[in-house]
Protein chains: 2
Amino acid sequence: MTQDTHVPPPRRPLTLRDVSEASGVSEMTVSRVLRNRGDVSSATRDKVLAAAKRLGYVPNKIAGALASQRVNLVAVIIPSLSNLVFPEVMDGIVSVLEDTGLQPVLGVTHYRPDREEQVLYEMLSWRPSGVIVAGLEHTGPSRAMLQSAGIPIVEIMDADGEPIDAMVGISHRRAGRMMAQAIVDAGYRRIGFMGTKMPLDHRARKRFEGFTEALAKAGMEVAGRSFYEGGSGLSKGREMTADMLNTVPDLDFLYYSSDMIAAGGLLELAERGVEIPGEIGLAGFNGLPLLNGLPRRIATMDACRREIGEAAAQIIARRAGGAPASAEDRVVMTPKLDPGETLLR
Amino acid sequence: MTQDTHVPPPRRPLTLRDVSEASGVSEMTVSRVLRNRGDVSSATRDKVLAAAKRLGYVPNKIAGALASQRVNLVAVIIPSLSNLVFPEVMDGIVSVLEDTGLQPVLGVTHYRPDREEQVLYEMLSWRPSGVIVAGLEHTGPSRAMLQSAGIPIVEIMDADGEPIDAMVGISHRRAGRMMAQAIVDAGYRRIGFMGTKMPLDHRARKRFEGFTEALAKAGMEVAGRSFYEGGSGLSKGREMTADMLNTVPDLDFLYYSSDMIAAGGLLELAERGVEIPGEIGLAGFNGLPLLNGLPRRIATMDACRREIGEAAAQIIARRAGGAPASAEDRVVMTPKLDPGETLLR
DNA sequence: GTGAAAGCGCTAACAC
DNA sequence: GTGTTAGCGCTTTCAC
């Protein structure tokens, strides 16, 4: 019937109608075949699939979504990509979503609430099946949008606060307290803190608050603190550590807001011939397995990054599949303290 | 007129019609206001904006896209998120897209061509404004889809091959050759190579091919090689280096497929008291600034990751803005060799 | 400067 | 098992 098998690249994108005409099957049935919906005889099914393949037909999900009111997109909103942590969370999200037919749309806020609001608006206008957003702090309009969106909202990475809907994270305040407690228990007394400037990084702030709070309970406070901006590399850790040691005398412990700068600190101390943890102990945050292999395993706390991404995606997938909101949708994970070899002496 | 300012959360998502009724302005004009298109008197404009805000209206891009045949999504397809390199490229992409109103949809292939094909099909069905895809190697059906999609396609991170449309990357073969040449020139003779298993990582393969090819030209070949699977952390570098040193005698240089495992190697050598580069030199790949701060700056080659992402996104943005395909859309970047402190002696 | 009609490419619902 | 009809929520086009 169709005499030429050579199909020139179409100038106009193909539609169901094209496949319908090429196969002699109604649009509706073609649609059914392509979506594996309803009963279709294997004879027509084969005809349709052959035609679709020959033409190189790719369905139009825009039209499909409009008609069916179903969208397989999931909005994922994170503060940054340059901090190692977020790609790991994304990885967890992606690994779960890819088995469900859902696709992540990515938005990056650079820790700015106004950007978050804007990104959220953009994303919600795609009527996604769900939203995964980092943090519990949002502008008023953002909260309003999330609340009235009528789709599952999962706030991740933080558990210190009331979620709008679902939540998966750790308590950073608690993480800070746990680490402080461990440091105090190990007998350290003069502690220096180094971390990012955190006007808008609420998780870092909460960790630090928890940390100082637990120290206070033990009748102590940090002997020195310094905050940096920009990338967190080893060299940043070295510089800050050098500064700290030169500025604040008699420190016996250094607490860093990330493993990467802690690793820099470790290298700096090692080069200075400081005995670790004999003279000075140290700890970071995040549990980056990447960094095992350093002269000493750094004390750290696992932030459950991948697991958080996975759990969040699972909640979205469940709800998108029709499951009702449930208590299981609020997951507070417990960060694990790993004393490594730089804390206990 | 509208007596209540309290707006209960709607059960049904709001439509233009709702805003139209609430403001007493036709749907068409509401649409114009919300898109900043055409001339609208500032009186009506204000009425409309007030109503939209009060109701919490979020436009429906699905319907908009179907009607206008314009979609602000860009498909981004990468092999993995767990390799540091890809988040960096993503970061470059995102940083450019966010100023253009385009949004990335993310697909991860895990280096599997069949996954790429599937992901591509999914993504193209959203009729995105463009595709950014890692690598030049694709299955037949993938190529066919890309070719007939009628949208800008930017293949990134590799320049050894013919792109379907646009291309931004470096020649990994050349990068391998350059490093080999530098190593030979520095007088090393017994070289060990350590890298990932690369049945499907074409860039790693090409780099290695270029490397051995240039060695061959100098009448040499690698004295030892080993390949690993799984995550690339410092400890992996240490283990592999230990194995290599124990297995292959008299090595005077170690070439690693990534900076992270090279860093592990550096730490292993340092611990063994090996003089670097006096006794053994080493080099990695990627130019991770994260790792500056190690006892020695590792010789490496910058893969221009962020720049590649930025350039790719710029091409998409230009073309989405109506610019025609041009010669500028094929960008071959030159990896910069950084000898650090572990190559020249 | 504003509005009315038509239709984007699909799928839900129902008829056969 | 297959086809027909209506309509998803916008934007395009054209009329005023």
Side-chain angles (χ1 to χ4, degrees), chain A residues 10-49 51-52 55 57-73 101 121-122 124-129 149-150, chain B residues 10-49 51-52 55 57-73 122 124-129 149-150:
Chain A
R11 200 51 263 144
R12 162 186 64 75
L14 296 167
T15 68
L16 264 189
R17 163 177 242 101
D18 295 306
V19 183
S20 167
E21 283 169 0
S23 63
V25 175
S26 79
E27 282 188 47
M28 195 54 232
T29 301
V30 171
S31 168
R32 283 197 264 257
V33 170
L34 264 25
R35 286 177 298 143
N36 287 316
R37 280 282 156 72
D39 294 324
V40 179
S41 76
S42 58
T44 38
R45 147 171 266 97
D46 292 347
K47 259 195 295 186
V48 168
L49 289 176
L55 297 176
Y57 173 69
V58 176
N60 184 333
K61 283 209 178 163
I62 311 231
L66 183 60
S68 68
Q69 310 280 39
R70 253 190 297 279
V71 181
N72 72 340
L73 299 175
Y121 184 79
E122 288 280 308
L124 288 180
S125 66
W126 282 105
R127 301 286 187 266
S129 288
Chain B
R11 200 55 259 141
R12 160 187 64 75
L14 297 167
T15 68
L16 263 190
R17 162 176 242 103
D18 296 306
V19 182
S20 167
E21 285 169 359
S23 63
V25 175
S26 80
E27 283 188 45
M28 195 52 237
T29 300
V30 171
S31 167
R32 281 197 266 258
V33 171
L34 265 24
R35 286 177 298 143
N36 287 317
R37 281 283 156 73
D39 295 325
V40 179
S41 75
S42 57
T44 38
R45 145 171 269 96
D46 293 346
K47 260 194 294 185
V48 168
L49 288 176
L55 298 176
Y57 173 68
V58 176
N60 184 332
K61 283 209 178 164
I62 310 224
L66 183 61
S68 68
Q69 309 280 45
R70 253 189 296 279
V71 181
N72 72 340
L73 299 175
E122 289 280 309
L124 288 180
S125 66
W126 281 106
R127 301 286 186 267
S129 288

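A note on names: the letters A, B, ... follow the listed sequences, proteins ahead of strands, and every chain is numbered from 1. Values below: every heavy atom of this structure, side chains too, minus hydrogens, waters and symmetry copies.
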Extract, from 5' to 3' on DNA chain C, the first and final nucleotides lying under 4.0 angstrom from some heavy atom of chain B. C/dG1 to C/dG9

Polar atoms only, N or O, under 3.5 Å: list the protein pairs with nucleotides 13-16 of chain D and their distances.
none

Provide the closest heavy-atom pair for A/Thr29 versus A/Val40 in the form atom of the first, atom of the second, distance. CG2-CG1, 4.1 Å

Show me the donor-acceptor pairs within less than 3.5 Å that the side chains of residues 61-71 of chain A make with the rest of the protein, sequence neighbours left out.
from	atom 1	to	atom 2	distance (Å)
A/Lys61	NZ	B/Glu122	OE1	2.9
A/Ser68	OG	A/Gly64	O	2.8
A/Ser68	OG	A/Arg70	N	3.3

Could you state the atom-to-atom distance from CZ of A/Arg45 to C1' of D/dT2 in whole Å? 14 Å

Classify the nucleic acid contact of A/Asp39 as base, sugar-phosphate or nothing, counting any heavy atom under 4.0 Å across all strands shown. base

Check B/Tyr57 against A/Tyr121 and note the closest heavy-atom contact, atom names and distance. O-CE1, 3.9 Å

How close do A/Gly101 and A/Asn72 get, heavy atom to heavy atom, and via which atoms? O-ND2, 2.9 Å

Going by the salt bridge (Lys or Arg N to Asp or Glu O under 4.0 Å) test, which pairs reach into residues 35-46 of chain A, not counting sequence neighbours? none

Can you tell me how far the CZ atom of A/Arg127 sits from the CG atom of A/Leu73, to the nearest 0.5 Å? 12.5 Å

Answer yes or no: does a side-chain N or O of A/Thr44 lie under 4.0 Å from OP1 or OP2 of D/dG1? no

For the pair made of CG in B/Asp18 and P in D/dG9, what is the distance, rounded to whole Å? 9 Å

Any salt bridge (Lys or Arg N to Asp or Glu O under 4.0 Å) involving residues 21-30 of chain A? Give me the pairs, sequence neighbours left out, ordered by first then second residue. A/Arg17-A/Glu21, A/Arg17-A/Glu27

Step by step, would you call B/Val48 with B/Leu34 a side chain to side chain contact (heavy atoms under 4.5 Å, CB included)? CA-CA 8 Å; B/Val48 168; B/Leu34 265 24; 4.1 Å; yes

When you measure from the side-chain N and O atoms of B/Gln69 to the phosphate of D/dC10, is any distance below 4.0 Å, counting only OP1 and OP2? no

Could you state the atom-to-atom distance from CG of B/Asn36 to C1' of D/dT11 in whole Å? 15 Å

Separation of D/dC10 atom P from B/Leu34 atom CG, nearest Å, is 9 Å

Assuming nearest nucleotide by heavy-atom distance, tell me which of B/Ala63 and B/Gly38 is located more 5' along DNA chain C. B/Gly38

Main chain of A/Val19, side chain of A/Ser23: is a donor-acceptor contact present, judged purely on distance under 3.5 Å? yes

Taking CD from A/Glu27 and P from D/dT5, how many angstroms apart are they, rounded to a whole number? 12 Å

Axis-to-axis angle across the helix from C/dG1-D/dC16 to C/dC16-D/dG1, five pairs each end, nearest 10 degrees, ~ 30°

Once you round it to whole Å, what is the distance between C1' of D/dC10 and CZ of B/Arg37? 14 Å

According to a strict under-4.0 Å criterion, is A/Ser26 in side-chain N/O contact with OP1 or OP2 of D/dT2? no

Quick one: B/Arg12 CZ to D/dC10 P, roughly how many Å, whole number? 10 Å

Taking atom C1' of D/dT12 as reference, at what distance in whole Å does atom CG of B/Leu16 sit? 14 Å

Within the 4.0 Å heavy-atom criterion, would you say A/Arg70 contacts the bases, only the backbone, or no part of the nucleic acid? sugar-phosphate

B/Ser20 and B/Val30 have their tightest heavy-atom pair at CA-CG2, 3.8 Å

Any B/Val33 side-chain heavy atom under 4.5 Å of B/Leu49 side chain: yes

Taking for each residue the nucleotide of DNA chain C bearing the nearest heavy atom, is the 5' side occupied by B/Thr29 or by B/Arg127? B/Thr29

